Each structure stands twice: as C-alpha cells, then as structure tokens.
Trainee: 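Encoded as structure tokens, here's the structure I'll be asking about.
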Amino acid sequence: MRFLFVGLGSISTKHIKDVVAIANEQKIECNITILRREISELPKELFSLKIRQIAELGDECYDVAFITNPTNLHYEILDKLKGKSNFFFIEKPIFESCKYDYRQLGITGKNAYIAAPMRHTGTYKELKNIIEENKVFSARIICSSYLPEWRPNIDYRKNYSAIKALGGGVTLDLIHEIDYMVGLFGLPEKVFNVHGKYSSLEIDSDDLSVYIAKYKDKLCEVHLDYFGREYQRKCELYTANGTYIADFKDNTISFPDGSIKDCNINNKTDLFMEMEYIFDFIAGKIKDNINTPEHGFEVLKISLGEI
C-alpha cells in the first residue's frame, strides 16, 4: 500500500510508526511518502524506515493520504489531492472554520475519516454501556493540561497550538472532548460557549474554552484548558444510581459503589487502536465509518458555537 503523510509533526510521527507496525503484522507492503515544506532529516525514531520525502505533489496516486498538517491548511491540501488518493485520514478538526464546504472536495463517509481516537478506547466503550443502562441527568467533561509540557524539546510558543492563525487554541485543539460528547449523547439542541486567553502563557490562541450543551433531558458541561498543571481528562456522569467517573488518563471507570474497572485494551494506545480500525475499514472488514466528514463538520460547528 502507498501512504502519503502531509506534514511531519509529533502526531504524524506516531501515525507512521503505527502504520508500519500494523502493515508488518498483516504482511502488507508499506511505501511511505512525506510531503513537507522543506526536505530535512527525519526524527530518530523513523531512521530505520524506508521513507521518501517530497516538497511538491506530483501526479502519483496513493492508497491512503494522512492530512496531518496545520488545520488552516487542510482544505487547500485536500483540494490539491482530489483524485490522487483512494482514502483520506484527516486529523481533527476537519477545518479551522465553518466557511468551507467539504462536499466540494469529494470526500464522503466512504473515502474519508476524521480522527477520533478517544472513541476507540475501552473507557469510551464502557461509558456507552453505562449510558444505555442508566438515566443520565447531567455530565461534566474536562480536559486540562499544561501546553509547555505537551511536546518535549519543542518551544511551545512556536507550535501551531499557540498560534491562532494556524488553527491553534483549545477550542479546536481539544475538539476530541466535543466529539466524544456527541458520540455519547448525540447532537445537542443548543450550545453556550465562552472562550479566550486568560493565563500567562505566551500564546495568542485561546487557552480556555467552557461549554454548556443543552439536550432535551440533560445538560453537559465541557471545560478545556492549556494551563492546568495536573493533567486531567475525565467525564463524570450524574445518574439516578449515582455518579460514574471515567478517567481517560488512567483508562478506568469509577462506579457509585466505589469499585473501579480497568478499561485498558491489551495495553494498546488509542491511536494504535484507531489505526487498526482504519486498516479494517479500508479492507472492508468494518462497514460503519464512525466519524464521517459530515459528522466531523457538525462537531466543528458545535465547537465554534455555530449551532
């Protein structure tokens, strides 16, 4: 299979390693090309891999194109790749603005998937089971972390997360929380959002975004920030039977009776399980695309408060 990666950052490096591991496991020949602004030395963890680098697109076609460049460049590169890839893996969010029409790009649920790794975890799947068996009155979701510690050996002030013009900021960067909220409860009737720059971080993107999503039978609060010194990624469900607390950091669920369930799946990362899903979907082993461009665009509208 021929794989194209657009851009080479921390997330695309992880994807490349997972693609190679799964391809080797399934005995699939793997040819990887990376499209970069400038050709330069690869990260050490990719040294042993046979990877071709290009600075411009040619007439070549690919089996899968990974859109892993800054969010503000997604539409442009997808437009250039029309007819040049059989399948597209698009990093979240799909775009940085709702002004774009994904339908003009020829991407559909049959040939494109928007990244949603949290929905492949055992923790998320257990949350789905709990919701099916319990009446949920309200939910509280939080993702709090310290941006300068995200990417070791990289100046956080120069990364796209810190730069609003590149699509950075918690509202878009941490869209996974909005995505799995919609996965759990469906589309809300209305969303209230306040966001902005509140901390002393040297960035011009928003470092805090707070939502209240109104459903017919419940409210859901979502808190996203870049300045929390203690990493938290949790979902609390308040039900008639008590409170359930899902900890995505530890892959556990705490039950009202005090018991704790380990939701780890074979010590696999969420990104690796997502990539296994992609390979199975492309091979026709899975028919349901859980994050189509249409769904990803609806999630973007919610994140930007445009519903």
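Values reported hereafter were calculated over all heavy atoms of this structure, with side chains retained and with hydrogens, waters and symmetry mates removed. Keep in mind it's a predicted model, so treat the numbers as computed, not measured.
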Trainee: Transitively linked via ILVMFWY side-chain contacts under 4.5 Å: M275 with I11?
Mentor: no
Trainee: Using a cut-off of 6.0 Å, state whether more than 12 heavy atoms not belonging to K197 lie near its atom NZ.
Mentor: yes
Trainee: Looking at K249 and D247, does any basic side-chain N land under 4.0 Å from a carboxylate oxygen?
Mentor: no
Trainee: Can you label the angle between the Y180 ring and the F248 ring as parallel, tilted or perpendicular, going by 30° and 60°?
Mentor: tilted
Trainee: Check the surroundings of atom NZ in K80: do more than 12 heavy atoms from other residues, nucleotides or ligands lie under 6.0 Å from it?
Mentor: no
Trainee: How far apart are the C-alpha atoms of W150 and S161, what are their side-chain angles, what is the distance that settles it, and do they pass the side chain to side chain donor-acceptor pair (under 3.5 Å) test?
Mentor: CA-CA 10 Å; W150 275 29; S161 295; over 6 Å; no
Trainee: Is atom NZ of K14 surrounded by more than 12 heavy atoms (other residues, nucleotides or ligands) closer than 6.0 Å?
Mentor: no
Trainee: Using every non-hydrogen atom in the two residues, find where L172 and P93 come nearest and quote the distance to one decimal.
Mentor: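 Nearest pair, atom of L172 first, then P93: O-CD, 3.8 Å.
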Trainee: Answer yes or no: are there more than 12 heavy-atom neighbours, outside R151 itself, under 6.0 Å from its atom CZ?
Mentor: yes
Trainee: May I ask you to check whether over 12 heavy atoms, not counting those of I130, lie within 6.0 Å of atom CD1?
Mentor: yes
Trainee: Under 4.0 Å between a side-chain nitrogen and a carboxylate oxygen: does that hold for E294 and R103?
Mentor: no
Trainee: Between F192 and Y211, does a ring pair (Phe, Tyr, Trp, His ring centres under 6.0 Å) hold up when you go through it step by step?
Mentor: CA-CA 6 Å; F192 305 90; Y211 299 82; over 10 Å; no
Trainee: Do you know which of F66, Y277, F88, F279 makes ring-ring contact (aromatic ring centres under 6.0 Å, His included) with Y113?
Mentor: Y277
Trainee: Checking the side chain of N111 only, and the main-chain atoms of G106 only, is there a donor and an acceptor separated by less than 3.5 Å?
Mentor: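 It does hold such a pair.
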Trainee: Please tell me if the side chains of F227 and L208 come closer than 4.5 Å, counting only heavy atoms from C-beta onward.
Mentor: yes
Trainee: Quick check: do I245 and I253 have side-chain heavy atoms less than 4.5 Å from each other?
Mentor: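 Contact flag for I245/I253 side chains = no.
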Trainee: Evaluate the side-chain contact (heavy atoms from CB on, under 4.5 Å) criterion for residues L224 and I141: first the C-alpha distance (whole Å), next the side-chain angles of each, then the deciding distance (0.1 Å), finally the verdict.
Mentor: CA-CA 9 Å; L224 311 173; I141 292 171; 5.7 Å; no
Trainee: Which heavy atom of C220 sits nearest a heavy atom of Y215, and at what distance?
Mentor: CB-CE1, 4.3 Å
Trainee: Are there over 12 heavy-atom neighbours, none belonging to E189, within less than 6.0 Å of that residue's CD?
Mentor: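 Yes, CD of E189 has more than 12 neighbouring heavy atoms, counting only those of other groups under 6.0 Å.
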Trainee: Do V222 and V210 have side-chain heavy atoms sitting under 4.5 Å apart?
Mentor: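 A side-chain contact is absent here, since even the closest heavy-atom pair is not under 4.5 Å.
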Trainee: Verify ring pair (Phe, Tyr, Trp, His ring centres under 6.0 Å) between F89 and H15, making sure each step is shown before the conclusion.
Mentor: CA-CA 10 Å; F89 180 106; H15 286 328; 5.0 Å; yes
Trainee: Would you say K17 and L46 make side-chain contact, with heavy atoms under 4.5 Å?
Mentor: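 The answer is yes, as the side chains (C-beta and beyond) meet within the 4.5 Å cut-off.
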Trainee: How far apart are the C-alpha atoms of L78 and I90, what are their side-chain angles, what is the distance that settles it, and do they pass the side-chain contact (heavy atoms from CB on, under 4.5 Å) test?
Mentor: CA-CA 9 Å; L78 284 166; I90 305 169; 3.9 Å; yes
Trainee: Within 45 degrees of the axis of the six-membered ring of F137 and under 6.0 Å from its centre: does K135 put its NZ or CZ there?
Mentor: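 Not flagged: K135 not positioned over aromatic ring of F137.
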Trainee: Is there a path of hydrophobic side-chain contacts, each under 4.5 Å between heavy atoms of I/L/V/M/F/W/Y residues, joining L57 to Y75?
Mentor: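 In one cluster: yes.
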Trainee: Grouping I, L, V, M, F, W and Y whenever their side-chain heavy atoms are under 4.5 Å apart, do Y244 and I142 come out in a common cluster?
Mentor: no
Trainee: Taking C-beta and beyond as the side chain, do L49 and V20 meet within less than 4.5 Å on heavy atoms?
Mentor: yes
Trainee: Taking atom types as modelled, is there a side-chain donor on D270 or T121 under 3.5 Å from an acceptor on the other?
Mentor: no
Trainee: Hey, do the aromatic rings of Y156 and Y226 have their centres closer than 6.0 Å?
Mentor: no
Trainee: Enter the distance from D280:CG to Q26:CD here, rounded to the nearest 0.5 Å.
Mentor: 6.5 Å
Trainee: In the structure I gave you, are the side-chain heavy atoms of P188 and K214 within less than 4.5 Å of one another anywhere?
Mentor: no
Trainee: CZ of R52: more than 12 outside heavy atoms within 6.0 angstrom?
Mentor: yes
Trainee: Side chain to side chain donor-acceptor pair (under 3.5 Å) between Q104 and Y100: does it pass, once the steps are laid out?
Mentor: CA-CA 9 Å; Q104 299 289 328; Y100 301 111; over 6 Å; no
Trainee: For R229 and Y146: C-alpha separation, side-chain torsions, deciding distance, then whether side chain to side chain donor-acceptor pair (under 3.5 Å) applies.
Mentor: CA-CA 5 Å; R229 294 304 183 99; Y146 191 50; 3.0 Å; yes
Trainee: Any idea which heavy atoms bring H176 and A115 closest together, and the distance?
Mentor: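 H176 and A115 have their closest heavy atoms at CE1-O, 3.8 Å.
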Trainee: Indicate if I22 and Y62 have the same hydrophobic cluster label, given that clusters are the connected sets of ILVMFWY residues with side-chain heavy-atom separations under 4.5 angstrom.
Mentor: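 No.
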Trainee: Nearest 0.5 Å, what's the NZ-OG distance between K234 and S144?
Mentor: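 OG of S144 is found 10.5 Å from NZ of K234.
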Trainee: For a 4.5 angstrom cut-off between non-hydrogen side-chain atoms, does L4 reach S85?
Mentor: no
Trainee: Would you name the heavy atoms of G168 and D206 that are closest together and state the gap between them?
Mentor: O-OD1, 4.0 Å
Trainee: Given L184 and L127, is the side-chain contact (heavy atoms from CB on, under 4.5 Å) satisfied, shown in steps?
Mentor: CA-CA 8 Å; L184 291 173; L127 276 176; 4.0 Å; yes
Trainee: Under 6.0 Å from the six-membered ring centre of F272 and within 45° of its axis: does the NZ or CZ of K268 meet both?
Mentor: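 Output no; distance or angle outside limits.
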Trainee: What distance separates T108 OG1 from N289 CG, expressed to the nearest 0.5 Å?
Mentor: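 Taking OG1 in T108 and CG in N289, the distance rounds to 8.5 Å.
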Trainee: On a heavy-atom basis, which atom in I32 and which in F5 lie closest, and how many Å separate them?
Mentor: CG2-CD1, 3.9 Å
Trainee: Got a second to check how far I67's CD1 is from L73's CG, nearest 0.5 Å?
Mentor: 10.5 Å
Trainee: Are the charged groups of D173 and K92 less than 4.0 angstrom apart, N to O?
Mentor: yes
Trainee: With distance as the sole criterion, is a donor-acceptor pair present between the side chains of T239 and N241 under 3.5 Å?
Mentor: no
Trainee: After noting the C-alpha distance and the side-chain angles of E274 and R119, does the key distance pass the salt bridge (Lys or Arg N to Asp or Glu O under 4.0 Å) rule?
Mentor: CA-CA 8 Å; E274 180 176 51; R119 286 199 273 149; over 6 Å; no
Trainee: Check this for me, if you would: do E236 and R140 make a salt bridge, where the nitrogen-to-carboxylate-oxygen distance has to be below 4.0 angstrom?
Mentor: yes
Trainee: Report the C-alpha separation of N72 and H74 in whole Å, then their side-chain angles, then the decisive distance to 0.1 Å, and conclude whether the side chain to side chain donor-acceptor pair (under 3.5 Å) test is met.
Mentor: CA-CA 6 Å; N72 67 312; H74 282 189; over 6 Å; no
Trainee: Just how far is it from atom CZ of R233 to atom CG of N251, taken to the nearest 0.5 Å?
Mentor: 11.5 Å
Trainee: Is it possible for you to say whether L174 and L201 belong to one hydrophobic cluster, with membership spreading through side-chain heavy-atom contacts below 4.5 Å?
Mentor: yes
Trainee: Quick one: do T71 and L166 satisfy side-chain contact (heavy atoms from CB on, under 4.5 Å)? Show the steps, please.
Mentor: CA-CA 6 Å; T71 307; L166 297 182; over 6 Å; no
Trainee: Work out which heavy atom in S209 is nearest to a heavy atom in N193; give both atom names and the distance.
Mentor: OG-ND2, 3.0 Å
Trainee: If you measure from NZ on K84 to SG on C61, what distance do you get to the nearest 0.5 Å?
Mentor: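 The SG atom of C61 is 7.5 Å from NZ of K84, to the nearest 0.5 Å.
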